[in-house]
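None of the values given here were measured: they were computed from a predicted structure. The figures that follow rest on heavy atoms only: side chains count, while hydrogens, waters and symmetry mates do not.
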Amino acid sequence: LVRVHTLKGDYEKAMDFLRIAAGLFESVDDIFGIAKTHSNMGNLYFRTAHYQDALTYYRKSLNSGFSEAGTSSAAETISHLGLTYMNLGNYAEAISVVEEQIPRHEENQDNMGLASLHTNLGIIYFESGDYEKSKEHHYAGLELAKELGNKRLQAIGLGSLGSVFEREGDYKAAIEH
């Protein structure tokens, strides 16, 4: 129901269902359910440009305990946390929160999480104007996405690389990506 109401643009109704879900997960001490619901609440606030509220719920998700394992779900939430800081213009914090998670995901061999982290770092660096770092992370994310066969992340990586090259004025390389 959350997804349906979100797609319909009825964000308040979607949030109501997320609050109900959070309460249910809390009543049975389902840490993963609580974390995922808080992350989804952050996503909804992000979508509606309520960035401070998004930060609050992303942090709640990460503080719930499920992020200790360096999972792909945690990487997704961390990436969203970084993108939220980016949208607030705090590039240093955006980069810091995402970069510090890379070793944990490398250690756990979480290539899906790593692909997501690198892809989002590429976006953050692009928005901050550091095109070399943007390309470095987009290439890293793209390589992992190819290994995983993840077409969605490959498309994001290629499109993002094209945007970096376009911004640099290298239209030939932009077209190739």
Side-chain angles (χ1 to χ4, degrees), residues 6 35-36 38-59 61-63 66-177:
T6 300
K36 192 67 179 161
H38 284 158
S39 185
N40 286 336
M41 291 168 96
N43 292 344
L44 198 54
Y45 281 122
F46 182 91
R47 180 179 218 144
T48 58
H50 291 94
Y51 298 124
Q52 292 299 331
D53 291 325
L55 289 176
T56 297
Y57 280 94
Y58 290 142
R59 284 189 199 112
S61 175
L62 293 168
N63 290 334
F66 95 110
S67 65
E68 293 304 312
T71 63
S72 295
S73 293
E76 183 180 318
T77 301
I78 290 158
S79 291
H80 288 144
L81 183 65
L83 293 172
T84 305
Y85 279 119
M86 178 192 78
N87 282 349
L88 290 168
N90 190 342
Y91 298 110
E93 186 67 19
I95 291 164
S96 176
V97 298
V98 179
E99 277 188 343
E100 72 184 17
Q101 295 300 314
I102 289 176
R104 176 181 287 172
H105 291 271
E106 287 174 337
E107 192 175 293
N108 292 332
Q109 299 176 352
D110 175 25
N111 287 345
M112 185 62 197
L114 282 168
S116 176
L117 292 170
H118 281 296
T119 298
N120 285 295
L121 269 173
I123 292 167
I124 295 165
Y125 275 116
F126 175 80
E127 291 297 327
S128 76
D130 188 339
Y131 302 131
E132 288 307 310
K133 282 282 200 180
S134 178
K135 287 189 284 190
E136 176 185 321
H137 285 286
H138 279 307
Y139 278 123
L142 181 59
E143 187 62 34
L144 288 163
K146 285 179 181 177
E147 287 175 20
L148 294 165
N150 187 315
K151 302 291 187 196
R152 181 182 151 283
L153 277 179
Q154 288 178 50
I156 292 169
L158 289 169
S160 296
L161 281 165
S163 295
V164 175
F165 286 116
E166 178 185 20
R167 183 74 55 91
E168 291 179 322
D170 187 348
Y171 299 110
K172 183 179 182 209
I175 291 168
E176 290 171 4
H177 289 87

remark   = Interatomic distance, OG1@Thr119 vs CD@Gln154, rounded to 0.5 Å, equals 10.0 Å
task = Taking side-chain hydrogen bond (donor to acceptor under 3.5 Å, both in side chains) as the test, write out the residues that go with Tyr139, two or more places apart.
result = His177
query = Between Ala54 and Gly42, which heavy-atom pair has the shortest distance, and what is it?
reply = CB-O, 3.4 Å
message = Please report the interatomic distance CD1(Ile78) to OG(Ser39), rounded to the nearest 0.5 Å.
response = 10.0 Å
Inter-residue atom distance Ile95.CD1 - Leu121.CG, 0.5 Å rounding = 7.0 Å
query = Can you tell me how far NE2 of His105 sits from CG of Asn111, rounded to the nearest 0.5 angstrom?
reply = 11.5 Å
request  = Quick one: list whatever passes side-chain hydrogen bond (donor to acceptor under 3.5 Å, both in side chains) with His138, sequence neighbours left out.
outcome  = none
task = Could you pull out the closest heavy-atom pair between Ala145 and Leu153, with the gap in Å?
result = CB-CB, 3.6 Å
remark   = Here the side-chain hydrogen bond (donor to acceptor under 3.5 Å, both in side chains) pairs for residues 141-151, sequence neighbours left out, are none
request  = Sequence neighbours left out, what passes side-chain hydrogen bond (donor to acceptor under 3.5 Å, both in side chains) with His38? Give chain and number order.
outcome  = none
note = When rounded to the nearest 0.5 Å, the distance separating NZ of Lys36 from OG of Ser73 is 4.5 Å
inquiry  = Ignoring hydrogens, what is the shortest heavy-atom contact between Ala115 and Leu148? Give both atom names and the distance.
reply    = CB-CD1, 4.4 Å
request  = With sequence neighbours excluded, give me every side-chain hydrogen bond (donor to acceptor under 3.5 Å, both in side chains) pair touching residues 89-100.
outcome  = Glu99-Tyr125
ask   = Do you know which two heavy atoms are closest between Gly122 and Ser134, and how far apart they sit?
value = O-OG, 2.7 Å
Sequence neighbours excluded and cut-off under 3.5 Å, please list the side-chain donor-acceptor pairs for residues 80-89, or say none.
{"unit_1": "His80", "atom_1": "ND1", "unit_2": "Asn43", "atom_2": "OD1", "d": "3.1"}
{"unit_1": "His80", "atom_1": "ND1", "unit_2": "Glu76", "atom_2": "O", "d": "3.2"}
{"unit_1": "Thr84", "atom_1": "OG1", "unit_2": "His80", "atom_2": "O", "d": "2.7"}
{"unit_1": "Tyr85", "atom_1": "OH", "unit_2": "Arg59", "atom_2": "NH2", "d": "2.4"}
{"unit_1": "Asn87", "atom_1": "ND2", "unit_2": "Tyr51", "atom_2": "OH", "d": "3.4"}

request  = List the atom of Val98, the atom of Ser79, and the distance in Å for their closest heavy-atom pair.
outcome  = CG2-CA, 4.4 Å
ask   = Rounded to the nearest 0.5 Å, how far does CG of Leu117 lie from CE of Met112?
value = 10.5 Å
Show every donor-acceptor pair shorter than 3.5 Å between a side-chain atom in residues 159-168 and any protein atom, with sequence neighbours excluded, or say none if there are none.
{"unit_1": "Ser160", "atom_1": "OG", "unit_2": "Ile156", "atom_2": "O", "d": "2.8"}
{"unit_1": "Ser163", "atom_1": "OG", "unit_2": "Gly159", "atom_2": "O", "d": "3.2"}
{"unit_1": "Arg167", "atom_1": "NH1", "unit_2": "Tyr131", "atom_2": "OH", "d": "3.3"}
{"unit_1": "Glu168", "atom_1": "OE1", "unit_2": "Lys135", "atom_2": "NZ", "d": "3.0"}
{"unit_1": "Glu168", "atom_1": "OE2", "unit_2": "Lys135", "atom_2": "NZ", "d": "3.4"}

Close side-chain approach of Lys133 to Ile124, heavy-atom, < 4.5 Å = no
